[in-house]
Amino acid sequence: MNWLSPPRVRGALCVGAAVLGIGVTGWLMATLWPKPDRVAAGAALSADQPETLAPFPEVPVTVLVIGVDADRLGAASNQAAPKGPPNADALLLLRIAAQEPLQVLQIPTELGVQLPGEGNPGPLAQLWRRGGVSLLSDAIRDIVGLQQGDPNRYVVMPRAALRRLVDGLGEVEVVLSDSYKRQDKTQDYTVMLQAGRQRLNGAQAEQLVRHLPDPKAVSQRRQRQNILVEGLIEQVKAPSGIEVIPGLVNQLNTEVETNLSRSEQLSLAAAIIASPEPARISRLPLAERAGEQTLRQIDAGASLPLWPQR
């Protein structure tokens, strides 16, 4: 199967990009944030004026969010099944601008890619373990058809950071169409969620997005992740959100890996709050699954760029 065409493999896996990493150059930082360390010091926080958190970015900023199945950064085990080194368990691209609707792209972790010199394709998520943020980011750029330099920033978020994010925002309201109940003693993992409208704390939110009773049911898990993402966006944009964000950024500082400075994080939070509603959450166009194959392909009829929506 043609999982990734040769030109795109070369673009995604070039050694130079892996060495340079995902960090942007000084001139690009000046384009995104002319004064990246300037925060609106002394300004009273106002839900009606989210720019009091920090000045908005000058242009839209694309952020790659990598959710890993380890509980904390640097953990030796993923505490998942099968146990082993931490994996990239969820992949999102965010396009953030104060004057545009927030755009979110869910990227299948099971998308098939083939590394040079290897006989069989493997899941996209393996690139994070094998080449870090740089290799994964470059592959996603070529697959999606992003401009050179995108994504501008990244955030690696382990499970503990997700729980703190949800709890720090004051729980997240969701509506579930189904109930979920499962206990896995080998992973020390329990899911107990009822159908209907409810508010989830951090532990319950983790249950919702981790639940995967069948390896081939990842698309259903992405639907549940979508529910949580929508709830988080609503909570950030709520009047109470702007008040807790500065403290939450400080709390998460040691729990996530990112190339965003504190002032840049506050700037993006302010831009999300100011962005027009509704947010646009989309998915990549996938071909039908081939038999029992767990890996997926992009639909052959899709043309680049696949995102963002215009």
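Partners of A270 according to the side chain to side chain contact (heavy atoms under 4.5 Å, CB included) rule, which considers only residues two or more places apart in sequence or in another chain, are P50, L53, F56. Residues satisfying the side chain to side chain contact (heavy atoms under 4.5 Å, CB included) criterion with D150, sequence neighbours excluded, are T62, L146, Q147, N152. Considering only residues two or more places apart in sequence or on other chains, R72 meets the side chain to side chain donor-acceptor pair (under 3.5 Å) condition with none of them. Scored by the side chain to side chain contact (heavy atoms under 4.5 Å, CB included) test, P278 finds no partners at all (sequence neighbours excluded). Partners of E118 by salt bridge (Lys or Arg N to Asp or Glu O under 4.0 Å), not counting sequence neighbours, listed by chain and number: R130. With sequence neighbours excluded, the residues forming a side chain to side chain contact (heavy atoms under 4.5 Å, CB included) with T109 are L91, A125, listed by chain and number. With sequence neighbours excluded, no residue forms a side chain to side chain donor-acceptor pair (under 3.5 Å) with R224. Every residue two or more places apart in sequence or in another chain was checked for a side chain to side chain donor-acceptor pair (under 3.5 Å) with Q225, and none qualifies. Legend: residues meeting side chain to side chain donor-acceptor pair (under 3.5 Å) with R129, ordered by chain and number and at least two apart, are N87.
Remark: the backbone N or O of S261 is paired with a side-chain donor or acceptor of E264 at under 3.5 angstrom. T52 places a side-chain N or O within 3.5 Å of a backbone atom of Q49 that can act as its donor or acceptor partner. When atom types are taken as modelled, the side chain of Q293 and the backbone of L295 share a donor-acceptor pair closer than 3.5 angstrom.
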With side-chain contact (heavy atoms from CB on, under 4.5 Å) as the test, would you mind laying out the steps for H211 and R221 before giving the verdict? CA-CA 7 Å; H211 183 55; R221 180 166 70 171; 5.9 Å; no
Under the side-chain contact (heavy atoms from CB on, under 4.5 Å) rule, what do V256 and V156 come out as? Steps first, then yes or no, please. CA-CA 6 Å; V256 301; V156 180; over 6 Å; no
List the steps and the verdict of side-chain contact (heavy atoms from CB on, under 4.5 Å) for L111 and L286. CA-CA 9 Å; L111 195 63; L286 297 180; 3.9 Å; yes
Using side-chain contact (heavy atoms from CB on, under 4.5 Å), reason through V209 and I227 one step at a time and then give a plain yes or no. CA-CA 9 Å; V209 297; I227 291 172; over 6 Å; no
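With hydrogens and angles left out, the side-chain atoms of R283 and Q106 include a donor and acceptor closer than 3.5 Å. There is a side-chain donor-acceptor pair under 3.5 Å between N250 and R262.
Residue S275 holds its OG atom at 8.0 Å from CD1 of I233, rounded to the nearest 0.5 Å. The structure places CG of L304 at 5.0 Å from CG of L306, a figure rounded to the nearest 0.5 Å. Distance CG/N253 to CG/L248: 11.5 Å, rounded to 0.5 Å. Here D89 contributes atom CG and R210 contributes atom CZ; the two are 7.5 Å apart, rounded to the nearest 0.5 Å. Taking CG from D142 and CD from Q148, the interatomic distance works out to 8.0 Å, rounded to the nearest 0.5 Å. Atom CG of L193 and atom CD of Q198 lie 6.0 Å apart (nearest 0.5 Å).
With respect to the salt-bridge test (charged N to carboxylate O, under 4.0 angstrom), the residues R222 and E110 qualify.
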Donor-acceptor contacts, no H, no angles, side chain residues 166-181, under 3.5 Å, sequence neighbours left out:
residue: D167; atom: OD1; partner: G202; partner atom: N; Å: 2.7
residue: E173; atom: OE2; partner: R197; partner atom: NH1; Å: 2.8
residue: S179; atom: OG; partner: A195; partner atom: N; Å: 2.9

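Screening L94, N259, T258, V65 for a side chain to side chain contact (heavy atoms under 4.5 Å, CB included) involving R153 leaves a single residue, N259.
Between P158 and D71, every side-chain heavy-atom pair lies at or beyond the 4.5 Å cut-off. Taking 4.5 Å as the limit, some side-chain heavy atom of L268 sits within range of a side-chain heavy atom of P57. Side-chain atoms of Y154 and S137, non-hydrogen and from C-beta on, never get closer than 4.5 Å to each other. No side-chain heavy atom of L92 sits under 4.5 Å from any side-chain heavy atom of I66.
The salt bridge (charged side-chain N to carboxylate O under 4.0 Å, His left out) analysis of residues 225-240, with sequence neighbours excluded, yields no pairs. Within the structure, the ring pair (Phe, Tyr, Trp, His ring centres under 6.0 Å) test picks out no pair touching residues 262-304 (sequence neighbours left out).
Here the shortest heavy-atom pairing between G145 and P305 reads O-CB, 3.4 Å. The shortest heavy-atom contact between L252 and A161 is CD2-O, 3.6 Å. Of all heavy-atom pairs spanning G149 and R141, the tightest one is N-NE, 4.0 Å.
Cluster annotation: L260 and V59 are assigned to the same hydrophobic cluster (Ile/Leu/Val/Met/Phe/Trp/Tyr, side-chain heavy-atom contacts under 4.5 Å, transitive).
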